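Taking it in order: structure first as structure tokens, then the write-up.
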Amino acid sequence: MEQTQAKRIVLGITGGIAAYKAAELARLLIKQGIEVQVAMTEAACHFITPVTLQALSGKPVLSSQWDDAENGMAHINLSRAADAVVIAPASADFIAKLANGLADDLLSTLCLARNCPLLVAPAMNRQMWEHPATQRNIAQLKADGVTVLGPDSGMQACGEDGMGRMLEAAQLAHAIIASLQPKFLAGTKILLTAGPTYEAIDAVRGITNRSSGKMGYAVAQAALELGAEVTLVSGPTTLSNPQGAAMVSVTSAAEMFEAVKQHVAACDIFIGVAAVADYRVAQTSAHKIKKSGANLTLELVPNADILAYVAALPHPPFCVGFAAESENLKEHAEQKRRAKKLPLLAANLAQQAIGSNDNELVLFDDAGEHLLPRSDKLTQARALLHHIVKLKGKQS
Ligand code: C5P
């Protein structure tokens with residue numbers, strides 16, 4: 001399944017210790033099906049050799065504006081062929097050049113000549129980062145519409161500790177791929193549930209499940225990347241909020257139900273990823289139940305099925321369910337999809353999915369089943385969102 005429409009980037013490498021991370025970044029992007037053309041400044045070639053990048057990208061690395069064998073227009077040709085230019089690492093010097101529109105080598109010239117988005121990943125010593133000149137230049141880049149990725153804070157190659165470390169290659173790859181996503185869902189409102197619920201037994205004990213929330217948060221992230229407005233109703237998790245999502249934090253299934261009822265009227269798509277507890281304790285105790293030698297019996301009463309409620313509304317949004325099964329995936333998933341009257345249901349084997357970073361999903365819709373092969377949850381979520389876009393397109 002198509003993950004990204006835009007597939008060609010120019011990876012510009014400038015002079016800095018973090019240049020070694022650019023090799024890993026090139027590898028990760030290529031692994032995601034993106035064509036990478038590397039361009040290096042002369043200083044970058046002192047930190048990492050073009051041979052390494054050539055071997056990884058499968059293309060000659062360009063560094064001089066004077067050795068263009070074609071038409072002497074490498075700076076134009078390169079940027080026209082690209083969906084984005086990414087500078088990683090971006091040195092303080094190169095950032096200063098970009099901010100001022102200087103163009104005295106191939107990379108700075110192609111940045112100035114480009115007609116596609118520019119993303120920069122600064123990497124430098126903390127004093128250089130904090131210097132007012134650098135901060136001015138960064139502010140200028142942002143004002144010019146350049147996306148600044150990082151930097152991060154931590155141990156630096158010079159031995160100092162602070163802001164200025166380049167983001168890790170995997171973080172950069174995620175951010176770059178996100179920026180390349182076509183904004184298919186601009187103007188679409190998506191309501192999502194994610195995570196487990198916690199059903200109190202008494203003041204300190206409760207019933208919950210092993211859902212980490214990772215899949216739901218990944219779906220939220222993927223939807224945001226496509227330009228959707230996302231409201232994420234989340235049970236208790238330890239994850240950081242997807243940037244840009246409107247968060248509604250809940251604890252119990254009843255609270256999750258209330259939050260969904262409050263927000264559902266405004267949404268175009270509802271995706272129930274949460275592992276909602278099917279039962280809650282009939283009589284919760286305000287105080288900790290004291291231990292005694294005798295058996296303790298808890299009466300459990302069923303919770304409302306949030307997804308079924310939403311799907312049965314008179315004018316329901318496009319509803320997507322998740323199903324974690326422990327056996328007979330296909331049978332149970334299809335049965336669930338029909339019972340809840342869902343146009344789309346994503347199913348997985350609970351033992352493989354819960355808490356893990358990887359997942360294998362099978363999508364069930366009116367046309368049959370579609371396997372999304374095992375990969376990380378964000379990649380799965382992107383594929384799911386692309387499928388939803390396709391189905392919605394067919395509907396309208
Ligand atoms: O029936 P089952 O719990 O397996 O269905 C799973 C799907 O239904 C998930 O999308 C889940 O978020 C949703 N669900 C719900 N409310 C419940 C139980 C499940 O929204 N009480």
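Quick caveat: nothing in here was measured; it's all calculated off a predicted structure.
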Are [X] and [Y] connected, step by step, through hydrophobic side chains (Ile, Leu, Val, Met, Phe, Trp, Tyr) whose heavy atoms are closer than 4.5 Å?
X      : Y      : answer
Leu342 : Leu313 : yes
Leu378 : Leu28  : no
Leu224 : Ile190 : yes
Val204 : Ile289 : no
Leu53  : Phe47  : no

| query | Would His370 and Asp365 satisfy side-chain hydrogen bond (donor to acceptor under 3.5 Å, both in side chains), going step by step from the backbone distance to the final call? | reply | CA-CA 8 Å; His370 316 263; Asp365 60 21; 3.0 Å; yes

| field | side chain to side chain contact (heavy atoms under 4.5 Å, CB included) between Ile34 and Arg8, worked out | value | CA-CA 6 Å; Ile34 295 172; Arg8 281 170 301 191; 6.0 Å; no

| said: Check Glu325 with Lys330, please: is the shortest side-chain N to carboxylate O separation under 4.0 Å? | reply: no

| task | May I ask you to decide whether Asp305 forms a salt bridge with Lys340, counting only side-chain N to carboxylate O separations under 4.0 Å? | result | yes

Residues in side-chain hydrogen bond (donor to acceptor under 3.5 Å, both in side chains) with [X], at least two apart?
X      : result
Thr41  : none
Arg337 : Glu334, Asp366
Gln37  : none
Gln54  : none

For [X] against [Y], the heavy-atom pair lying closest together:
X      : Y      : answer
Ala347 : Ala333 : CB-CB, 3.7 Å
Glu35  : Lys59  : OE2-NZ, 3.2 Å
Pro317 : Val264 : CG-CG2, 4.2 Å
Phe94  : Asp105 : CE1-OD1, 4.5 Å
Leu106 : Ser63  : CB-O, 3.9 Å
Val233 : Ala259 : CG1-CB, 3.8 Å

To the nearest 0.5 Å, how far apart are [atom1] in [X] and [atom2] in [Y]?
X      : Y      : atom1 : atom2 : answer
Cys111 : Leu98  : SG    : CG    : 5.0 Å
Lys377 : Gln221 : NZ    : CD    : 15.0 Å
Gln380 : Leu385 : CD    : CG    : 12.0 Å
Asp152 : Met155 : CG    : CE    : 14.0 Å

| Hey, would you say the Phe318 and Phe270 ring centroids sit under 6.0 Å apart? | no

Evaluate whether atom [atom1] of [X] has more than 12 neighbouring non-hydrogen atoms of other residues, nucleotides or ligands under 6.0 angstrom away.
X      : atom1 : value
Lys183 : NZ    : yes
Lys142 : NZ    : no
Lys288 : NZ    : no

Listing, residues 246-255 side-chain donor-acceptor contacts under 3.5 Å, not counting sequence neighbours, or none:
residue : atom : partner : partner atom : Å
Ser252  : OG   : Glu255  : N            : 3.2
Glu255  : OE1  : Thr251  : N            : 2.7

| query | Given Thr197 and Glu199, is the side-chain hydrogen bond (donor to acceptor under 3.5 Å, both in side chains) satisfied, shown in steps? | reply | CA-CA 7 Å; Thr197 61; Glu199 310 300 322; 3.0 Å; yes

Backbone of [Y] reached by a side-chain donor or acceptor of [X] within 3.5 Å:
X      : Y      : answer
Thr284 : Ile201 : no
Asn303 : Ala277 : yes
Tyr198 : Gly206 : yes
Arg280 : Leu300 : no

| request: Check each of Val86, Leu29, Val10 against Val36 using the side chain to side chain contact (heavy atoms under 4.5 Å, CB included) test, and report the only one that passes. | output: Leu29

| remark: Which of Ile30, Leu167, Ile176, Ile13 passes side chain to side chain contact (heavy atoms under 4.5 Å, CB included) with Leu25? It is Ile176

| task | Taking the side chain as every heavy atom from C-beta outward, state whether Tyr279 and Ile207 have any pair of such atoms under 4.5 Å apart. | result | no

| field | Side-chain touch His386/Gln181, heavy atoms, less than 4.5 angstrom | value | yes

Could you list the donor-acceptor pairs under 3.5 angstrom formed between side-chain atoms of residues 116-141 and any protein atom two or more places apart in sequence or on another chain?
residue : atom : partner : partner atom : Å
Asn125  : OD1  : Gln127  : N            : 2.7
Asn125  : OD1  : Met128  : N            : 3.4
Asn125  : ND2  : Glu160  : OE1          : 3.2
Arg126  : NE   : Glu160  : OE1          : 3.2
His131  : ND1  : Ala133  : N            : 2.9
Thr134  : OG1  : Met128  : O            : 2.7
Gln135  : NE2  : Trp129  : O            : 2.6
Asn137  : ND2  : Ala133  : O            : 3.1
Gln140  : NE2  : Asp144  : OD1          : 3.0

| request: Decide yes or no on side-chain hydrogen bond (donor to acceptor under 3.5 Å, both in side chains) for Tyr217 and Ser234, but give the supporting numbers first. | output: CA-CA 9 Å; Tyr217 278 52; Ser234 176; 2.7 Å; yes

| said: Walk me through whether Lys261 and Glu258 qualify under salt bridge (Lys or Arg N to Asp or Glu O under 4.0 Å). | reply: CA-CA 5 Å; Lys261 281 201 263 188; Glu258 277 315 305; 3.4 Å; yes

| message | Between Val389 and Leu185, does the side chain to side chain contact (heavy atoms under 4.5 Å, CB included) criterion hold? Intermediate values first, please. | response | CA-CA 8 Å; Val389 167; Leu185 292 176; 3.8 Å; yes

| message | I'd like to know whether Glu327 forms a side chain to side chain contact (heavy atoms under 4.5 Å, CB included) with His332, so could you lay out the CA-CA distance, the side-chain angles of the two residues, the decisive distance to 0.1 Å, and finally the verdict. | response | CA-CA 8 Å; Glu327 56 172 353; His332 289 151; 4.2 Å; yes

| message | Please determine whether side chain to side chain contact (heavy atoms under 4.5 Å, CB included) holds for the pair Ile9 and Leu180, giving the CA-CA distance in whole Å, both sets of side-chain angles, and the decisive distance to 0.1 Å. | response | CA-CA 10 Å; Ile9 70 152; Leu180 291 176; 4.0 Å; yes

